[in-house]
Amino acid sequence: MNLDKLTNTAKQILSTAHMLAAKNNNQRVLPLHILSALIDDENETTKSVLSIIGISINPIKTATDEEIEKLPKIEVHGGGDNITYDPNSL
């Protein structure tokens, strides 16, 4: 995947997802990490869209955080440079 072709917002979301995976000692960035990053995005685009269609964000955020907590953990050294993206999530 060529990250240069992504918008700055998309790059920021992927970066946040990567940091979340590293913080939780997960080996890969999964769709759960990306969803969490979208929910927490300061632009609040995802929150706005879900709100418009009548979906409450809080249960989604809670469930996402709980599922991330259940993911297998690895020992991460050096800031998570060895974390990969799940090819099925991109």
Looking at every non-hydrogen atom in both residues, tell me the closest pair between [X] and [Y] and how far apart they are.
X   : Y   : result
K73 : N24 : CD-O, 3.2 Å
A37 : A17 : CB-N, 3.8 Å
R28 : H33 : O-CE1, 3.2 Å

Look up atom [atom1] in [X] and atom [atom2] in [Y], then write down how far apart they are to the nearest 0.5 Å.
X   : Y   : atom1 : atom2 : result
L6  : S15 : CG    : OG    : 12.0 Å
T64 : L35 : OG1   : CG    : 4.0 Å
L32 : K70 : CG    : NZ    : 10.5 Å

Run the numbers on N26 and I74 for side-chain contact (heavy atoms from CB on, under 4.5 Å), then give the verdict. CA-CA 6 Å; N26 303 132; I74 60 166; over 6 Å; no
According to the salt bridge (charged side-chain N to carboxylate O under 4.0 Å, His left out) rule, which pairs have a member within residues 43-65, sequence neighbours left out?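 Qualifying pairs, neighbours excluded: D40-K61, K61-D65.
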Full working for side-chain contact (heavy atoms from CB on, under 4.5 Å) between L20 and T16: CA-CA 6 Å; L20 181 61; T16 300; 5.6 Å; no
Residues in side-chain contact (heavy atoms from CB on, under 4.5 Å) with S56, at least two apart?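 For S56, the residues satisfying side-chain contact (heavy atoms from CB on, under 4.5 Å) (neighbours in sequence not counted) are N58, P59.
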By side-chain contact (heavy atoms from CB on, under 4.5 Å), which residues pair with I55, not counting sequence neighbours?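 Only L50, I53, I60 meet the side-chain contact (heavy atoms from CB on, under 4.5 Å) criterion with I55.
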Audit row: S51, I57, side-chain contact (heavy atoms from CB on, under 4.5 Å) steps and yes/no: CA-CA 7 Å; S51 176; I57 199 73; over 6 Å; no
Quick one: do the E66 and T62 side chains pair a donor with an acceptor below 3.5 Å?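 The answer is no; no qualifying pair exists.
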